[in-house]
Visitor: 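Take a look at the following structure, please.
For the numbers below, each heavy atom of this structure counts, side chains included, while hydrogens, waters and symmetry mates do not. None of the values given here were measured: they were computed from a predicted structure. In listed order, ligands and their atoms are each counted from 1.
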Amino acid sequence: MRAFNVSDYLLLHLDMESALPRNRQLYRLLRQAILDRQLSADTRLPSSRDLAGELGISRNTVLYAYEQLLAEGYLEARASSGTFVADTVPDLDGLSGVQAPRKAGGGQVRLSRRGQRLLAQAGAATQQWGAFVPGVPDVSRFPYQIWSDLQRRVWRQPPVSALTYGSGGGYQPLREALAGYLKAARSVDCGAGQIVVTSGIHQSLDLCLRLLSDPGDVVWVEDPCYWGARTLLAASGVEIRPIPLDAEGLCPTPAQMARPPRFIVVTPSHQYPLGMVMSLSRRRMLLEYAQRHGCWIIEDDYDSEFRYNGRPLASLQGMDSCERVLYMGTFSKTMFPGLRLGYLVLPEALAPAFVTGMEELYRSGQAPVQATLAEFIAQGHFNAHVRRMRLLYGGRLELLQHAIASHFEPAEVAVSGGDTGLHLALRLPAGSDDQAVARDALALGVAVRPLSRYYYHAGRAAPGLVLGYACVANEQIAPAFALLARAIRNNRRE
Ligand SMILES: Cc1ncc(COP(=O)(O)O)c(C=O)c1O
């Protein structure tokens, strides 16, 4: 069989008369060839210069398509050897860690391309408890006795309206309690009417994307970023622009600034996963830019209630006088992730559309749970629980920092992001293979996430690990880190 020739294929299918820009055509054709396995994993693509010459188009056109496919994970750049088809592209016969769905009769189900991509990029871990699972609070300390008493009271005589489909953006007393809490704790400036109660940040982001973006719209996202944001953005069909970070947070290049996006998705209070806080000047810059170009900023404020050192942080939303910020928060970290409750705070002008959109897309409900939570907040249990957990996690953070310092010299590793939240980022010695460390650590019973997996651009990724310390009992931290240190040393190339 004749080998697949990428230039011939593109020459045949590129339509020079089409109204669709050539860079978009090129992107779609290459993506199609990858999904159809004509271009298999590890195939080296021609250089952008060579391909542009063969197709008789500009090099920028090719670069655009390559950049986009790199950003979406179809291609990967390997230092000094070129651009290759990624080996994580869906292969339903052998997806790593993801089972291809099978029909009852044993035959394979063919997913949509979007579905295949979703599975290929799947980021959710099955292990959700223990050393050092990131982002999971100590749910064993949740005051479930208080919760169940409150819940029983709610259930004593629930009004009919609490048991039907919900409406209006959530249970009103919860929205009111939230407006008060967010003002006091996060300096979020809003009324209850601007809040939509959702099932968490995943649903909030999905709602934003569905109501405010169209496929092909440009979205800026931090590189590295939260895997869930990456999955949702990819599934929505927007064009992802991974933006580099510096010590002050999001740091777009002049070329990126020249092409304003529809959305800017950021974690300004505790960058996920590296942990830096966005500086005041960067916040101002971003707000002014968003106002000037009509962009929406989506602020993901997922864990900043837990602040151990330094001044309390204010939200970006609270600085926004131009109604450009959509603020997303969650009870997954402050209460427990299985609760599946979060909130979206909207500019006033957007709130009615989002209330309707929520009902149309997902139908709401869970009023008894929302009523219990409203009482939990109103009676002061929420603040008390967060205060207790902050002390507990602060102690665990110190134990982890101590364990790190007892196994490694400061020059060998670097820790970032430990002032806030439930995790820190540990940079490994140069030359370490963080994915191999994660695999070996798991075999020893320690779950960690390799930092390099969070990056769009492999060239920006430094080897490291994301370590969650909130759901690890104090006495387990040192022994678990000793095992991890062994896995780190075993995978170090001197
Ligand atoms: C940055 C970030 N955003 C959002 C979430 C998930 O939020 P939710 O559980 O509300 O969907 C997480 C969970 O770890 C996260 O790390």
Visitor: Side chains of Q366 and R340: closer than 4.5 Å at any heavy-atom pair?
Guide: no
Visitor: With a 4.5 Å heavy-atom cut-off, do R396 and D138 have their side chains touching?
Guide: yes
Visitor: Would you mind reporting whether L373 and M335 have side-chain heavy atoms less than 4.5 Å apart?
Guide: yes
Visitor: Please say which of L326, L207, I298, D217 ends up in a side chain to side chain contact (heavy atoms under 4.5 Å, CB included) with L212.
Guide: L326
Visitor: Give the residues near ligand 1 by chain and number, with the criterion being a heavy-atom distance under 4.0 Å.
Guide: G200, I201, H202, Y226, Y272, D300, Y302, T330, S332, K333, R340
Visitor: Give me the one residue out of H457, R230, R460 that meets side chain to side chain donor-acceptor pair (under 3.5 Å) with D223.
Guide: R460
Visitor: Could you tell me the separation between the OH atom of Y289 and the NE2 atom of H293, rounded to the nearest 0.5 Å?
Guide: 4.5 Å
